[in-house]
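Since the structure comes first, as structure tokens, the remarks are kept for the end.
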Amino acid sequence: MAKVGERFPVSPTQGSIDTSYQYSPLIGLRNIRLIRFVQADTPTCTCIQINLDKSPPYDALSYTWGNAFPKHITHIDGQELSVSSNLYAALKILQNSQEIRYIWIDAICINQSDDMERNQQVSIMNAIYRNANRVVVWLGPEADDSDFAIQTIRNWRKHIPKEASLSDKAYWEKVASIKSSDLTFFGPPGTTANRAWLAIKKLWERSWWRRAWIVQEATLCPPQRLALLCGNQSIYWEDFAICIDIAHFLGGGEDGFQTLENWQQSFPTRLHSFRVDRESGYYLMLLKVLQQMRSYECSDDRDKVFAAIGMAADISLDEITPDYQKTVEETYINVVRFVLGASELHRLDFLGYVVRQEGLDPDMVWIEYNDLPSWVPDWRNQIISSPIEKHQDTDDPSCERLFRASGLSKVEAKIDGRKLLVKGMRIETVKLLYPVCDTHRKAVGQTIQSKWREALPQTDYISGGTVAEAFDRTIVTDIFQEDPPRDNLYKRGHRVDWSLLESDPLSLDESALCKRNDLEVVLNRINFARRLFWTDRGYLGLGPGGMTERDMICVFNGGQVLYVLRDAGIGVYEFIGECYVHGLMDGETLSEEGRWQEQIFTII
């Protein structure tokens with residue numbers, strides 16, 4: 001498997017295709033091209049142009065472009081078009097399918113040398129895949145026992161009531177009841193079940209799963225219309241998903257080739273989770289979609305945004321339009337401009353998605369970028385650090401705020417070229433820092449938090465209670481869900497239950513074990529890439545891993561949380577990240593009348 005951060009030329013809008021094929025211009029804004037295979041020894045087809053809203057039934061192909069060379073020649077309407085090796089392999093399989101009449105394939109149906117056409121076609125990509133009769137995923141040729149993997153998954157699905165869909169209670173009850181001792185699904189090395197999991201692992205590691213555009217392409221149609229094709233074997237998502245769900249519950253057994261945590265962080269699991277969110281009707285805002293896509297690959301960094309806008313519920317296509325004439329910086333700043341112009345409640349949310357690599361384990365920094373203004377989230381950065389939750393209901397964009405660090409003030413911020421101008425106040429200075437929690441691994445993450453705890457003074461806290469109590473609330477930013485992930489509602493006033501966290505898992509009943517696991521997940525999510533710190537006045541906080549001593553803690557007008565800035569010269573500042581400071585999250589600083597002076601921060 002390629003390392004995270006390795007680049008793949010997999011954009012659906014990748015240009016520079018050598019061809020003698022002459023495209024006829026698309027007539028209307030909703031027109032697309034479809035191809036139809038004709039019988040021949042090599043991939044050969046005809047091309048028609050139709051209005052998307054009046055099209056005949058068609059399939060849409062989802063695949064990776066793969067290496068640009070060597071090229072292979074396919075024939076369209078008697079002309080030649082060169083395509084990548086991976087697409088050519090798919091065409092050879094698809095042309096013999098009895099199910100396909102018309103099919104849409106980006107590399108063939110979009111004139112890749114026409115930027116205006118690329119912009120226009122990418123803007124309706126969502127509709128192209130949504131309207132398709134089927135979305136066909138090409139995982140690649142048969143290899144690594146893939147035929148056996150697919151056949152086994154198909155057999156496993158037979159053990160689930162046929163009438164049970166992926167969203168039915170009967171399906172989940174059956175999957176949850178599967179035990180690691182069930183030899184149908186698990187077994188030691190050398191058994192059929194073990195062979196199947198090893199083959200499934202290889203199937204999950206194929207490059208298609210890491211391609212940014214698949215998050216859109218593979219989540220728009222229902223599971224019975226998403227077909228995965230590998231070599232000559234095919235399987236629909238409603239059947240394939242069982243191996244993801246079994247792995248989620250049991251982690252692939254106890255043979256040591258994967259742990260449950262590894263399975264849960266895999267790309268198929270992420271895609272499945274995103275599909276479930278969309279099918280459940282969750283309100284997915286642009287920033288959250290971009291965050292989901294952060295770890296995915298694309299050859300054109302602008303595609304992270306262009307793929308996301310087709311899936312976000314809070315944006316229309318005319319608010320950010322695909323434009324390959326704009327630079328990466330212009331494209332990413334446009335995202336900030338959109339958010340700043342959105343509802344008052346969310347105008348500063350983009351600052352929570354800024355992730356700086358300073359202070360993190362160097363082994364984690366896959367690709368380092370320093371070419372954007374510090375206040376612009378860099379969606380190329382694959383380090384996923386979750387923003388601080390700011391709203392009571394994650395599925396209701398108009399719900400109550402969890403924090404009011406700036407009281408009832410309104411956001412006063414604007415973009416000026418490469419600068420962000422925002423009104424606020426400097427209220428604290430960072431005095432002491434603790435080590436960064438720079439891994440998702442449970443054992444190490446807990447060790448870091450335990451070290452933080454052991455280093456605390458056993459004294460009273462400045463705003464009431466003890467330092468120990470303030471710490472227990474700070475490392476979870478004082479919020480919790482009563483029944484995650486089933487309950488979307490967050491509440492304030494939560495403390496870490498250390499007796500539960502440090503207990504022997506074998507001594508716990510099922511309910512307590514679930515609570516313990518949920519707590520571990522929360523701690524890893526909130527603490528990852530963050531560090532504990534003290535301010536000069538004695539407040540305890542949790543902030544970005546890149547913060548240093550003498551950094552400033554600031555209130556921004558309209559901001560729900562607090563923010564870390566660094567002096568970058570006369571009158572200008574760098575943005576480091578958002579933070580939680582216990583005792584200052586509900587507008588307490590505003591009661592100290594005359595102590596703080598408002599100013600316009602110029603952030604570069």
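This one's a predicted model, so the numbers in the text were calculated from it and none came from an experiment.
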Atom of [X], atom of [Y] and distance for their closest heavy-atom approach:
X	Y	answer
Ile244	Pro268	CD1-O, 3.7 Å
Met311	Asn126	N-ND2, 4.1 Å
Leu271	Ala218	CD2-CB, 4.1 Å
Leu372	Val376	CD1-CG1, 4.2 Å
Ala413	Leu340	CB-CD2, 4.1 Å

Rounded to the nearest 0.5 Å, how far does [atom2] of [Y] lie from [atom1] of [X]?
X	Y	atom1	atom2	answer
Tyr129	Leu226	OH	CG	11.0 Å
Thr602	Lys419	OG1	NZ	6.5 Å
Met552	Ile576	CE	CD1	9.0 Å
Lys410	Asn557	NZ	CG	11.5 Å
Ser463	Glu588	OG	CD	7.5 Å
Ile128	Glu217	CD1	CD	10.0 Å

Go through Phe306 and Tyr324 one step at a time and tell me if the ring pair (Phe, Tyr, Trp, His ring centres under 6.0 Å) criterion holds.
CA-CA 10 Å; Phe306 298 158; Tyr324 288 95; 5.0 Å; yes

[X] (side chain) donor-acceptor with [Y] (main chain) under 3.5 angstrom:
X	Y	value
Arg492	Ile479	no
Asn131	Asp53	no
Ser409	Gly558	yes
Arg270	Ser295	no
Arg531	Tyr434	yes
Arg302	Lys326	yes
Thr477	Thr474	no
Ser406	Gly559	yes
Asp551	Thr548	yes
Trp452	Pro435	yes

Look at the rings of His346 and His391 and say which category their plane angle falls in: under 30° parallel, 30 to 60° tilted, over 60° perpendicular.
tilted

Working for side-chain contact (heavy atoms from CB on, under 4.5 Å), residues Asp314 and Tyr283:
CA-CA 8 Å; Asp314 60 332; Tyr283 190 88; 3.5 Å; yes

Name all residues meeting the side chain to side chain contact (heavy atoms under 4.5 Å, CB included) criterion together with Ala307; count only those two or more places apart in sequence or in a different chain, and write none if there are none.
Trp213, Met293

For Tyr539 and His582, run ring pair (Phe, Tyr, Trp, His ring centres under 6.0 Å): C-alpha distance rounded to whole Å, both residues' side-chain angles, the deciding distance at 0.1 Å, then the answer.
CA-CA 7 Å; Tyr539 285 94; His582 192 68; 9.0 Å; no

Between Trp208 and Ser62, is any side-chain donor less than 3.5 angstrom from a side-chain acceptor?
yes

Answer with yes or no whether the side chains of Thr219 and Arg275 bring together a donor and an acceptor at under 3.5 Å.
no

Does the pair Leu290 and Val305 meet the rule for a side-chain contact (heavy atoms from CB on, under 4.5 Å), with working shown?
CA-CA 7 Å; Leu290 284 165; Val305 173; 4.2 Å; yes

Check against salt bridge (Lys or Arg N to Asp or Glu O under 4.0 Å), Lys491 and Asp478:
CA-CA 8 Å; Lys491 298 179 182 179; Asp478 197 37; over 6 Å; no

Just do the side chain to side chain donor-acceptor pair (under 3.5 Å) check on Arg337 and Asn334 with the steps written out, would you?
CA-CA 5 Å; Arg337 186 173 284 109; Asn334 275 348; 2.8 Å; yes

Arg537, CZ: over 12 other non-hydrogen atoms inside 6.0 angstrom
yes

Got more than 12 heavy atoms from elsewhere within 6.0 Å of CG, Leu29?
no

A side-chain contact here means heavy atoms from C-beta on lying under 4.5 Å apart; do [X] and [Y] qualify?
X	Y	result
Phe528	Leu523	no
Lys515	Leu500	yes
Arg453	Phe471	yes
Leu286	Ile320	yes

Stepwise side-chain contact (heavy atoms from CB on, under 4.5 Å) test for Tyr353 and Gln291:
CA-CA 8 Å; Tyr353 295 87; Gln291 178 79 339; 3.5 Å; yes

Let me know which of Trp209, Phe274, Tyr296 forms a ring-ring contact (aromatic ring centres under 6.0 Å, His included) with Phe267.
Tyr296

Sequence neighbours excluded, the answer for salt bridge (Lys or Arg N to Asp or Glu O under 4.0 Å) partners of Glu330 is none

Can you name the residues that form a salt bridge (Lys or Arg N to Asp or Glu O under 4.0 Å) with Asp416, not counting sequence neighbours?
none

Are any of the side-chain nitrogens in Asp378 or Arg294 under 4.0 Å away from the carboxylate oxygens of its partner?
no

Taking NZ, NE, NH1 and NH2 as the nitrogens, is one of them in Glu578 or Lys390 under 4.0 Å from a carboxylate oxygen of the other?
yes

Given salt bridge (Lys or Arg N to Asp or Glu O under 4.0 Å), test Glu469 with Arg473 step by step and report yes or no.
CA-CA 6 Å; Glu469 291 169 345; Arg473 293 171 66 177; over 6 Å; no

Indicate, with yes or no, if the rings of Phe601 and Phe575 have centres closer together than 6.0 Å.
no

Checking Arg426 against Trp596: charged group under 6.0 Å from the ring centre and within 45 degrees of the axis?
no

How far apart are the C-alpha atoms of Asp536 and Lys431, what are their side-chain angles, what is the distance that settles it, and do they pass the salt bridge (Lys or Arg N to Asp or Glu O under 4.0 Å) test?
CA-CA 5 Å; Asp536 55 353; Lys431 182 179 180 180; over 6 Å; no

Under the side chain to side chain donor-acceptor pair (under 3.5 Å) rule, what do Ser386 and Arg525 come out as? Steps first, then yes or no, please.
CA-CA 6 Å; Ser386 299; Arg525 175 176 56 80; 5.0 Å; no

Verdict with supporting geometry, Leu562 and Val555, side-chain contact (heavy atoms from CB on, under 4.5 Å):
CA-CA 5 Å; Leu562 298 173; Val555 172; 3.5 Å; yes

Checking side chain to side chain donor-acceptor pair (under 3.5 Å) for the pair Trp379/Asp301: CA distance, chi angles, key distance, verdict?
CA-CA 8 Å; Trp379 305 110; Asp301 294 316; over 6 Å; no

